[in-house]
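Have a look at the structure below, then the notes.
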Amino acid sequence: MLDRRYVADNVDLIIANCCKRGSTADVARFAELDRLRRSMQADIDSLNQQAGVVSKSIGKAADANQREALKAEGRRLREEIGASEGRLQQIVSESDEILRAIPNLTHPDAPTGGEDASVEIRRGRTPSPQFDFKPLDHVELGARLKLFDFDAGAKVAGHGFYFLTNEGVLLELALQKYAVDLLMREQFTVMTTPDLARDTILEGTGFMPRGPETQIYSITGSDLSLVATAEITLGGAMHERIFEADELPLKLCGISHCFRTEAGAHGRATRGLYRVHQFTKVEMFAFTLPEQSADMHAYLLDLECALFDGLGIPYRVIDTASGDLGGPAYRKYDLEAWMPGRGEQGEWGEVTSTSNCTDYQARRLAIRYRTPGEKGTSFVHTLNGTAIAMSRAIIAILENYQCADGSVVVPEALVPWVGTSRLTPRG
RNA sequence: GGAUGGGUGGCAGAGCGGUUGAAUGCACCGGUCUUGAAAACCGGCAGUCGCGAAAGCGGCUCGUGGGUUCAAAUCCCACCCCAUCCGCCA
């Protein structure tokens, strides 16, 4: 959420930004409502003041007659106030709804436009593999190696769910340990996190539970939803927190399951592990001072690169275009890994993403910091980044490390935990 | 699921229906003292919204929402949250 005052004072700028972002938020309507709100607030304030004066005078009334007259006057004023407040409340709630839908500002260097406008800014250290055979996709590889069971997943929970089996499990555990080890070396505080969160926390983080187009599973009869990412819980963990400036930046890393309905995504790259309703993810999250967030963002991106370089997976880095940033992000970088088994010739597929949300999440989550010697508090900046999303990392590993005989080499970095350097087909 | 207790300013913690936006302590800021620091002492110190160029003025806020009243942190109702104990349980 942006600052109400800032939006009201910069309507043209905000409209232009919404346009870049592909947001349909009715900013002009917001501005109109906010003007109305201000003038009504002024009226109510003055009525309140009058009522207060009347109330105080009752105690000093000369006689019973005067007292009754004053009481009547007070009653009349309060009724008038009540009516005005009702109308004001409607205006506020309508304008709030618009305000919440307005996306964050956009970094001036972020490319403008839709998905096609996104810009590749970097390649990973590992070149794309050249096969002298027709590479298989991860579904086929996994079937031969018995790494997952989609039939059982569908039987138990429906399409989009799966069981990991055998070394598939070891791969996932290895990836988690690999990511966590690196992040602990980088002084992140590692934690496992709740897989459910209150709707207020989801909303504070910029997710919309229970809408018609929601990506979120909700628990009926409660205000809880399954989290779509640990970003929600890690950000929510500091709800209403006031940091001392010297406590920042704070770097957290959370392991959670992620649940997504993927509403409206049917038919699009739904094969195998690519788009599933549940996966496990190691997520990075940072709280910073405003002046630290740009550097932190670059740092999170570097860590994502280091993780995938360390796995020997080819990837490219995308500077996400304005129309694809979603609500909270001010700027976003995606890592897209090369997936040789996708499509006809192989395709890039998103494996991680890191966003600088500036103060957009912090405002709704009420996460602030205090600077010694300065009055008041300011909102922190929040950033998030995928360390490793298990399902997609597994796709990238299987497809890039496959051999002509259907075996798959285990990335050097994972061998200690997988316990073998090669996965071979089982009879 | 059952029982009890509790939600007040950055924290801790008082609070009689009107003079309490809120005692007190801690923390914090400024000052005196000191070579410096500590201690002691003096002073200041909630947030937010509106009007205003500013100084300032005014409103609202004591978990949330309703109610009683001229007037509610204080009385009534509902709900939410937190803690502890009991039951169940990995």
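In what follows, chains are A, B, ... by sequence order, proteins preceding strands, each numbered from 1. Below, all heavy atoms of this structure are taken into account, side chains as well, without hydrogens, waters or symmetry copies.
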For nucleotides 56-66 of chain B, give me every protein contact, N/O to N/O, under 3.5 Å, one pair per line with atom names.
from: B:rG58; atom 1: N2; to: A:Asp45; atom 2: OD2; distance (Å): 3.0
from: B:rG59; atom 1: O2'; to: A:Asp45; atom 2: OD1; distance (Å): 2.8
from: B:rC60; atom 1: OP1; to: A:Asn48; atom 2: OD1; distance (Å): 3.3

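- For A:Lys71 and B:rU69, the NZ to P distance is 10 Å, given to the nearest whole Å.
- Salt-bridge annotation for A:Glu79 and A:Arg76: absent, with no side-chain N of the basic residue lying under 4.0 Å from a carboxylate O of the acidic one.
- Between the C1' atoms of B:rA71 and B:rU19, the separation comes to 13 Å (whole Å).
- Residue contacts for A:Arg76: at a heavy-atom cut-off of 4.0 Å it reaches no nucleic acid atom on any strand shown.
- Both tests hold for A:Arg392 against A:Tyr274: distance to the six-membered ring centre under 6.0 Å, angle to the ring axis within 45°.
- The nearest heavy atom of RNA chain B to A:Asp34 and to A:Ala72 marks one nucleotide each, and the one closer to the 5' end goes with A:Asp34.
- Atom CZ of A:Arg5 and atom C1' of B:rG52 are 11 Å apart (whole Å).
- With sequence neighbours left out, A:Asp137 forms a side chain to side chain donor-acceptor pair (under 3.5 Å) with A:Arg271.
- Nearest to the side-chain atoms of A:Arg38 among the listed nucleotides B:rC70, B:rG50, B:rC82 stands B:rG50.
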Does the salt bridge (Lys or Arg N to Asp or Glu O under 4.0 Å) test come out yes or no for A:Asp324 and A:Lys332, once each step is laid out? CA-CA 9 Å; A:Asp324 231 18; A:Lys332 183 192 304 204; over 6 Å; no
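- A salt bridge does not link A:Asp181 to A:Arg185: none of the charged side-chain nitrogens sits closer than 4.0 Å to a carboxylate oxygen.
- In this structure A:Glu32 satisfies the side chain to side chain donor-acceptor pair (under 3.5 Å) test together with A:Arg29, sequence neighbours excluded.
- Between A:Arg422 and A:Glu167 there is no salt bridge, since none of the side-chain N atoms of the basic residue sits less than 4.0 Å from a carboxylate O of the acidic one.
- Remark: A:Asp319 engages A:Arg331 in a salt bridge, criterion side-chain N to carboxylate O under 4.0 Å.
- With sequence neighbours excluded, no residue forms a side chain to side chain donor-acceptor pair (under 3.5 Å) with A:Arg260.
- Separation of the C1' atoms belonging to B:rG67 and B:rG58 is 28 Å when rounded to the nearest angstrom.
- B:rC75 sits 27 Å from B:rU84 when the P atoms are compared, rounded to a whole Å.
- Separating the CG atom of A:Leu77 from the P atom of B:rA71 is a distance of 10 Å, rounded to the nearest angstrom.
- In terms of the ring pair (Phe, Tyr, Trp, His ring centres under 6.0 Å) criterion, A:His257 has no residue partners (sequence neighbours excluded).
- Atom pair A:Glu240:CD and B:rC82:C1' shows a separation of 13 Å (rounding to whole Å applied).
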List the steps and the verdict of side-chain hydrogen bond (donor to acceptor under 3.5 Å, both in side chains) for A:Gln361 and A:Glu231. CA-CA 11 Å; A:Gln361 287 177 328; A:Glu231 173 191 349; 2.7 Å; yes
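- Here A:His297 and A:Tyr330 keep their ring centres 6.0 angstrom or further from each other.
- No side-chain donor from either of A:Thr424 and A:Ser407 sits under 3.5 Å from a side-chain acceptor of the other.
- Comparing the P positions of B:rG47 and B:rC29 gives a spacing of 16 Å, expressed to the nearest Å.
- Under the 3.5 Å distance criterion, with hydrogens and angles disregarded, no donor-acceptor pair is assigned to the side chains of A:Gln49 and A:Asp45.
- Rounded to a whole angstrom, the distance from the P atom of B:rC45 to that of B:rG56 is 12 Å.
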Table of protein N/O atoms under 3.5 Å from nucleotides 20-22 of chain B N/O atoms:
none

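- At a threshold of 4.0 Å, the pair A:Lys155-A:Asp151 does not count as salt-bridged, since none of the basic side-chain nitrogens sits closer than that to a carboxylate oxygen.
- The side chain to side chain donor-acceptor pair (under 3.5 Å) test applied to A:Asp26 returns no partner, not counting sequence neighbours.
- Counting to the nearest Å, the C1' atom of B:rC80 and the NE2 atom of A:His239 are 13 Å from each other.
- Rounded to a whole Å, the CD atom of A:Glu79 is 11 Å from the P atom of B:rU69.
- For A:Asp149, the salt bridge (Lys or Arg N to Asp or Glu O under 4.0 Å) criterion is met by no residue, not counting sequence neighbours.
- Partners of A:Phe285 by ring pair (Phe, Tyr, Trp, His ring centres under 6.0 Å), not counting sequence neighbours, listed by chain and number: A:Phe287.
- Nucleotide B:rC81 holds its C1' atom 13 Å from the CG atom of A:Leu224, rounded to whole Å.
- In this structure, A:Glu73 atom CD and B:rA71 atom C1' are separated by 14 Å, rounded to whole Å.
- Between B:rA27 and B:rA12, the two C1' atoms lie 10 Å apart (nearest whole Å).
- Nucleotides B:rG13 and B:rA46 have their C1' atoms positioned 16 Å apart, rounded to a whole Å.
- Paired runs in RNA chain B that reach 3 or more consecutive Watson-Crick or G-U pairs, where each pair keeps both distances under 3.5 Å, cover B:1-7 with B:80-86, B:10-12 with B:24-26, B:28-32 with B:40-44, B:46-51 with B:56-61, B:63-67 with B:75-79.
- When the C1' atom is used for both B:rG63 and B:rA73, the distance is 12 Å, rounded to whole Å.
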Quick one: which protein N/O atoms are closer than 3.5 Å to N/O atoms of nucleotides 74-77 of chain B? Pair and distance per line, please.
none

What N/O pairs connect the protein and nucleotides 7-13 of chain B at under 3.5 Å? Give each pair on its own line.
from: B:rG10; atom 1: O4'; to: A:Arg370; atom 2: NH1; distance (Å): 3.2

